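Read through the structure below, which is laid out as structure tokens, and then see the notes.
Side chains are part of it too, since the values below use all heavy atoms of this structure and drop only hydrogens, waters and symmetry mates. The residues of the chain are indexed from 1 along the displayed sequence. As the structure lists them, so they are numbered: ligands from 1, and atoms in each ligand from 1. Model, not experiment: these values are computed from the prediction.
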Amino acid sequence: MQVTHIRIGFVTLLLLGLCQSGNQLGTTPNIKDIVIGRCYNYITLVNPGVRYDCEDIWRHFEAVVLRQPSCNVTVDDYRTLFRLMTQTWPCGTGLFWSKTRSLMHSYAAVLPHLWTLEDTLVGYVFNNLVWCRRDQDSEFDFGSCPEWSSCSNHPVSSLWRQASQTFAEAACGNITVLLNGSIADAFNRTSMFGSVELDSLNPQSVQYVNIHVVTSLTGPHIESCGRGSVVDLVHRLQTRGFRWTCTDNDQTLILLQCIQNQASCSLTNLKSPFLL
Ligand SMILES: *[C@@H]1O[C@H](CO)[C@@H](O)[C@H](O)[C@H]1NC(C)=O
Ligand SMILES: *[C@@H]1O[C@H](CO)[C@@H](O)[C@H](O)[C@H]1NC(C)=O
Ligand SMILES: *[C@@H]1O[C@H](CO)[C@@H](O)[C@H](O)[C@H]1NC(C)=O
Ligand SMILES: *[C@@H]1O[C@H](CO)[C@@H](O)[C@H](O)[C@H]1NC(C)=O
């Protein structure tokens with residue numbers, strides 16, 4: 001049974017790949033069980049004490065995705081779903097990031113009080129999933145889904161835009177931003193952080209925006225607090241009345257990279273008053 005299923009999926013993918021290049025993998029298999037299961041896991045083990053109706057969340061999600069053509073699911077369509085998943089978390093814990101995903105995970109692991117989008121119910125439930133509708137019969141399309149860039153209102157990107165916006169709007173106290181100094185445009189106006197989150201932060205409730213620009217151990221060292229697009233970010237923060245700090249190559253972030261990648265870690269990385 002299992003084998004047949006996989007073979008059919010493979011052939012379908014192959015055919016779709018030949019006819020419609022530009023499409024990616026389809027809806028994540030078993031998405032219903034994953035969404036409901038992750039939701040129960042979250043409310044039972046990850047964050048016990050919060051109350052949500054996991055079955056109702058699935059029903060609303062499914063209705064939004066299957067109601068209209070795949071490229072026509074707007075941020076607004078997810079409003080009701082987000083109301084069902086409303087959540088609060090402590091001030092001073094918001095962690096934002098762009099192009100530093102793996103480092104962000106280690107950072108949040110050693111500083112467990114920090115909250116990223118993935119620690120919220122929405123982020124936890126939908127992390128790494130793909131979904132879209134098959135337009136001929138209004139079912140989930142498990143064969144292929146459009147790429148984000150080929151859709152004006154992609155069902156997956158619309159959910160993440162709404163999630164990022166909600167997460168940023170709720171941020172209060174100090175927040176931390178991890179940016180990648182090894183790429184041009186560490187602060188990229190078209191990234192989720194640059195296009196959605198930054199504009200949704202509220203200068204009245206955010207006390208400090210503490211930016212960390214971190215380069216990979218082996219470089220290149222392209223941007224820093226005083227160089228490149230980070231300067232533009234700081235300028236935008238100032239214009240909107242935020243208080244901010246910016247740190248290049250924070251020691252904790254270097255040490256975490258050294259632990260992840262010992263071969264690239266040299267004495268020069270570790271040479272600092274902090275360690276001597
Ligand atoms: C796309 O959504 C808009 C607004 O919800 C609606 O007016 C329009 O008819 C939809 N287009 C299609 C092709 O379904
Ligand atoms: C910065 O981005 C590059 C290219 O995407 C990536 O290889 C590298 O791991 C990132 N560095 C950090 C510190 O996240
Ligand atoms: C908030 O950030 C500022 C600037 O980095 C720092 O001086 C202050 O101690 C921080 N407050 C808290 C509560 O962490
Ligand atoms: C900025 O981000 C967008 C979307 O992720 C990407 O397509 C673009 O290449 C980035 N710009 C630079 C200069 O990296």
Side-chain angles (χ1 to χ4, degrees), residues 22 24 89-118 146-152 154 156-158 160-161 164 171-199 201-225 227-234 236-238 241-266 268-270:
Q24 56 175 19
W89 53 90
C91 282
T93 59
L95 177 59
F96 296 81
W97 55 278
S98 191
K99 300 278 163 56
T100 48
R101 189 188 180 101
S102 131
L103 187 58
M104 170 280 288
H105 279 134
S106 350
Y107 196 58
V110 294
L111 297 170
H113 67 281
L114 292 178
W115 278 69
T116 66
L117 183 51
E118 290 174 29
E147 276 183 40
W148 286 29
S149 56
S150 68
C151 254
S152 47
H154 193 286
V156 179
S157 73
S158 291
W160 287 117
R161 293 185 84 81
S164 304
C172 52
N174 283 2
I175 64 165
T176 308
V177 180
L178 294 189
L179 296 179
N180 186 333
S182 288
I183 55 174
D185 275 325
F187 168 63
N188 181 337
R189 274 301 272 173
T190 63
S191 68
M192 238 5 139
F193 175 70
S195 67
V196 180
E197 291 168 340
L198 178 62
D199 294 336
L201 292 172
N202 180 352
Q204 258 81 58
S205 35
V206 171
Q207 203 182 3
Y208 268 95
V209 178
N210 293 321
I211 308 163
H212 291 298
V213 184
V214 54
T215 51
S216 304
L217 293 177
T218 51
H221 308 277
I222 297 177
E223 298 213 342
S224 63
C225 288
R227 189 154 50 126
S229 62
V230 185
V231 178
D232 179 33
L233 168 60
V234 165
R236 281 169 198 276
L237 289 173
Q238 272 170 336
F242 285 102
R243 279 178 292 184
W244 58 277
T245 65
C246 186
T247 313
D248 288 314
N249 288 315
D250 172 77
Q251 289 300 326
T252 308
L253 292 166
I254 293 182
L255 280 173
L256 284 170
Q257 291 192 79
C258 279
I259 293 164
Q260 280 181 326
N261 189 352
Q262 294 174 12
S264 305
C265 187
S266 70
T268 36
N269 295 128
L270 293 171

Do me a favour and list the nearest non-hydrogen protein atom to [atom] with residue, atom name and distance?
| atom | value |
| --- | --- |
| atom 9 (O) of ligand 2 | S216 OG, 3.9 Å |
| atom 14 (O) of ligand 4 | N188 ND2, 3.9 Å |
| atom 4 (C) of ligand 4 | T190 OG1, 3.5 Å |
| atom 1 (C) of ligand 2 | N180 ND2, 1.5 Å |
| atom 5 (O) of ligand 4 | K99 NZ, 4.4 Å |
| atom 2 (O) of ligand 3 | N174 ND2, 2.3 Å |

Residue pair [X] / [Y]: nearest heavy atoms and the distance that separates them:
| X | Y | answer |
| --- | --- | --- |
| P220 | S182 | O-OG, 2.8 Å |
| Q204 | N202 | N-OD1, 2.8 Å |
| S164 | L117 | OG-CD2, 3.9 Å |
| H105 | E118 | NE2-OE1, 2.8 Å |
| D248 | C225 | OD1-N, 2.8 Å |

Criterion side chain to side chain donor-acceptor pair (under 3.5 Å) on N210 and T245, from CA distance to verdict:
CA-CA 5 Å; N210 293 321; T245 65; 2.5 Å; yes

Please check whether S182 reaches ligand 2 - meaning an N/O of the residue sits under 3.5 Å from an N/O of the ligand, judged on distance alone.
no

Would you say T215 and ligand 2 have an N/O pair spaced under 3.5 Å apart?
no

Taking 4.0 angstrom as the limit and counting only heavy atoms of Y208, give me the atoms of ligand 3 inside it, by number and element.
1 (C), 2 (O), 3 (C), 4 (C)

Is the shortest side-chain heavy-atom distance between L233 and L198 below 4.5 Å?
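Sidechains of L198 and L233: in contact.
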
Sub-4.0 Å protein heavy atom next to atom 7 (O) of ligand 3:
no

Heavy atom of protein closer than 4.0 angstrom to atom 11 (N) of ligand 2:
yes

Can you tell which of Q257, M104, R101 gets a heavy atom nearest to atom 13 (C) of ligand 2?
Q257

Could you verify whether a donor N or O on one side chain and an acceptor N or O on the other, from H113 and T93, lie under 3.5 Å apart?
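No - no donor-acceptor pair under 3.5 Å links their side chains.
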
Any idea which atoms of ligand 2 are less than 4.0 Å away from a heavy-atom of T100?
14 (O)

Could you tell me whether some N/O pair between Q207 and ligand 3 is separated by less than 3.5 angstrom?
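No: no nitrogen or oxygen of Q207 is under 3.5 Å from one in ligand 3.
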
Give the ring-plane orientation class for F187 versus F193, where under 30° counts as parallel, over 60° as perpendicular and anything between as tilted.
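Rings of F187 and F193: perpendicular, over 60°.
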
For the residue pair W148 and H154, does the interplanar ring angle fall in the parallel (under 30°), tilted (30 to 60°) or perpendicular (over 60°) class?
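Aromatic pair W148/H154 classed tilted.
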
I'd like to check which ligand 4 atoms, numbered from 1 as shown, lie under 4.0 Å from a non-hydrogen atom of D185.
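Those atoms are 12 (C), 13 (C).
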
